[in-house]
Peer 1: 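Input: one structure, supplied below.
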Amino acid sequence: MHRPALTGSGVFTPADTITNDELVTSFNAYVERFNTDNAAEITAGRATALQPSSSEFIHKASGIEQRYVMDKAGVLDPARMYPRLDQRGDDQPSIMAEMSLDAANKALLQAGRRGAEVDLIICAASNMERAYPAISIEVQQLLGATGFAFDMQVACSSATFGIQAAADMIRSGSARRALVISPEITSGHLEWRDRDCHFIFGDVCTAVLIEPLDTAMGRGFEIVSTKCATQYSNNIRNNEGYLRKTRPDGLADRRDMQFMQNGRRVFKEVLPMVCDHILTHLSDSELSASQIKRLWLHQANKTMNDFIGRKVLGRDPLPGEQPNILQDYANTSSAGSIIAFDAFHADLQAGDLGLICSFGAGYSVGSVITRAF
Ligand code: COA
């Protein structure tokens, strides 16, 4: 059995940002337009007037200050409220493959490896640009990698579930060098016209390289252990799918084809699940929270992360102990905890323990205990 290690990480960040103020200005213009266009229906009680959003609410409720997106103009156009992404020809690289390539090359560079040395690619994300061929197989070809590749979807927990799958394959020897890539075009499944959630998501792509500890070229993080868990819930849901055209209303623009959540219930139900999961993972690994130098948590909500940090550590986290990136990136689904890891790991000393944890729809929660070397 080999001991798996994370030897490189990389992040692709889109060029376009949207601040809360920019988002709210365009959302409120949409609301005004909707209320004017539907004034008669609203007065007659047959339609409900939309309420404006506010930057203060967004920051207070979530901690988010801005987000990166693949297309700013489409999202901020009050007549559209949706990104505009070109249809690419079948012989051109897909958008997700391009994002993946950038993040993967950064991870490979950090690990001192080339694409040709990779023999497993897992594309682990909450949505795929197409059903098949797998995005991961396209990335395999673009990188000149060998072996095999597959896509997997576990919503916000995709990256940690992908890391567990890759680490287990490195352990058993069925793969020698694995990339776990999480391209998230969340702007494509967010309902930008719903004030309850229009501020939540952002786009990004992360990649991590996993290989046997004894072949690592430089510094890195041994993957000490991983733990994944799921428990069915409808509180975060997206009903988009390949059977859509078979429904009576066909391709009609239905609200439930975009991201839907009952945020308050998610808060109430997911928090205890995550805290219990992390503490059980630590005790199963004969470790205590006091030995953990850094928590790289899923990046959905600042209050949520503050709560988890306090519950797991048994005290307020020290500055830098539980870094957030959600103020800059918003919720990037599966990529969030990996962006935090990528940005905040360089100062850890050999032997320092850390824990990556993601959670979300399913419900699902995945954690990875790391030891720096
Ligand atoms: N601007 C102004 N007011 C808003 C608003 C906005 N954009 N969106 C909602 N409000 C209002 C609501 O209508 C509500 O008003 P009411 O009290 O008069 O009914 C009030 O603000 C509170 O709304 P609520 O939705 O209960 O806010 P919240 O404090 O629960 O925060 C979330 C909302 C989404 C930030 C929060 O629930 C959350 O982060 N949940 C967990 C989400 C999560 O992790 N999901 C995983 C996704 S992968």
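Order of listing sets the numbers, starting from 1, for every ligand and every atom in it. Note that the coordinates shown come from a computational prediction; the quantities given were computed from them, not determined experimentally.
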Peer 1: Pull out every atom of ligand 1 sitting under 4.0 Å from any heavy atom of Ser54, numbered as shown with elements.
Peer 2: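 Going through ligand 1 atom by atom, the ones under 4.0 Å from Ser54 are 1 (N), 2 (C).
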Peer 1: Please list, in number order, the atoms of ligand 1 under 4.0 Å from a heavy atom of Ala61.
Peer 2: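 That gives atoms 31 (O), 35 (C) of ligand 1.
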Peer 1: Considering only heavy atoms of Gly263, which atoms of ligand 1 have at least one such atom less than 4.0 Å away?
Peer 2: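 Answer for ligand 1: 37 (O), 40 (N), 41 (C).
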Peer 1: Under 3.5 Å between any N/O of Phe57 and any N/O of ligand 1: does that happen in this structure?
Peer 2: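 So ligand 1 has no N or O lying under 3.5 Å from an N or O of Phe57.
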Peer 1: Can you check atom 9 (C) of ligand 1: any protein non-hydrogen atom closer than 4.0 Å?
Peer 2: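 Protein heavy atom within 4.0 Å of atom 9 (C) of ligand 1: present.
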Peer 1: Taking only heavy atoms of Ile236 into account, list the atoms of ligand 1 that are under 4.0 Å away from them.
Peer 2: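 So the answer, numbered in order with elements, is 46 (C).
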Peer 1: Take atom 27 (O) of ligand 1 and look for protein heavy atoms under 4.0 Å from it; say yes if you find one, no if not.
Peer 2: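 Yes, there is a protein heavy atom closer to it than 4.0 Å.
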Peer 1: With only distance considered, is Asn331 within less than 3.5 Å of ligand 1 through an N or O on each side?
Peer 2: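 Between Asn331 and ligand 1 (N or O atoms, distance only) the closest approach is not under 3.5 Å.
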Peer 1: Can you list every pair that meets ring pair (Phe, Tyr, Trp, His ring centres under 6.0 Å) and has a residue in residues 108-135, with sequence neighbours left out?
Peer 2: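 Passing the test, one end in residues 108-135: no pairs.
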Peer 1: Where's the contact between Gln51 and ligand 1, heavy-atom distance under 4.0 Å: side chain, backbone, both or neither?
Peer 2: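 The answer is neither; Gln51 stays 4.0 Å or more away.
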Peer 1: Scan the protein's non-hydrogen atoms and note whether one is under 4.0 Å from atom 15 (O) of ligand 1.
Peer 2: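 It does not: no protein heavy atom is found less than 4.0 Å away from atom 15 (O) of ligand 1.
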Peer 1: Hey, which atoms in ligand 1 end up nearer than 4.0 Å to a heavy atom of Ala300?
Peer 2: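 Per the distance check, 44 (O).
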Peer 1: Please list the nearest protein heavy atom to atom 13 (O) of ligand 1 with its residue and the distance rounded to 0.1 Å.
Peer 2: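 So the nearest neighbour among protein heavy atoms is Arg195 NH2, 2.9 Å.
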Peer 1: Salt-bridged, Glu211 to Arg3, with N to O below 4.0 Å?
Peer 2: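 Here Glu211 does not pair with Arg3 in a salt bridge, since their nearest N and O are not under 4.0 Å apart.
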Peer 1: Between Asn305 and His298 (side chain of the first, backbone of the second, donor and acceptor by atom type, cut-off under 3.5 Å), is there such a pair?
Peer 2: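 Checked: pair present.
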Peer 1: Classify the angle between the aromatic ring planes of Phe259 and His189 as parallel (below 30°), tilted (30 to 60°) or perpendicular (above 60°).
Peer 2: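 Ring orientation, 0 to 90° scale: tilted.
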Peer 1: Counting from 1, what ligand 1 atoms have a heavy atom of Val266 closer than 4.0 Å?
Peer 2: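 Those atoms are 43 (C), 45 (N).
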Peer 1: Considering only heavy atoms, which of Arg264, His198, His298, Gln261 lies nearest to atom 24 (P) of ligand 1?
Peer 2: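 Answer by nearest heavy atom: Arg264.
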Peer 1: Numbering the atoms of ligand 1 from 1, which are under 4.0 Å from a heavy atom of Cys156?
Peer 2: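 Counting atoms of ligand 1 from 1, those under 4.0 Å from Cys156 are 48 (S).
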Peer 1: Can you hop from Tyr82 to Ile200 via hydrophobic side chains spaced under 4.5 Å?
Peer 2: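 Yes; tracing contacts between hydrophobic side chains, which count when under 4.5 Å, links both residues.
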Peer 1: Under 3.5 Å, side chain of Lys106 to main-chain N/O of Val11, donor-acceptor pair present?
Peer 2: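 Yes; at least one donor-acceptor contact below 3.5 Å.
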Peer 1: Which atom pair, heavy atoms only, marks the closest approach of Arg255 to Cys197?
Peer 2: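 The answer is NH2-SG, 3.7 Å.
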Peer 1: Would you indicate which of Ile64, Asp196, Asn301, Leu271 comes nearest to atom 38 (C) of ligand 1 when only heavy atoms are counted?
Peer 2: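 Minimum heavy-atom distance to atom 38 (C) of ligand 1 goes to Asn301.
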Peer 1: Can you list every pair that meets ring pair (Phe, Tyr, Trp, His ring centres under 6.0 Å) and has a residue in residues 213-248, with sequence neighbours left out?
Peer 2: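 Residue pairs passing ring pair (Phe, Tyr, Trp, His ring centres under 6.0 Å), neighbours aside: Phe221-Phe341, Phe221-His345.
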Peer 1: Please work out which of the three classes, parallel, tilted or perpendicular, describes the rings of Tyr30 and Phe27, given edges at 30° and 60°.
Peer 2: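 Geometry flag for Tyr30 against Phe27: tilted rings.
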Peer 1: Charged N to carboxylate O under 4.0 angstrom, Arg294 versus Asp347?
Peer 2: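 Yes, this pair counts.
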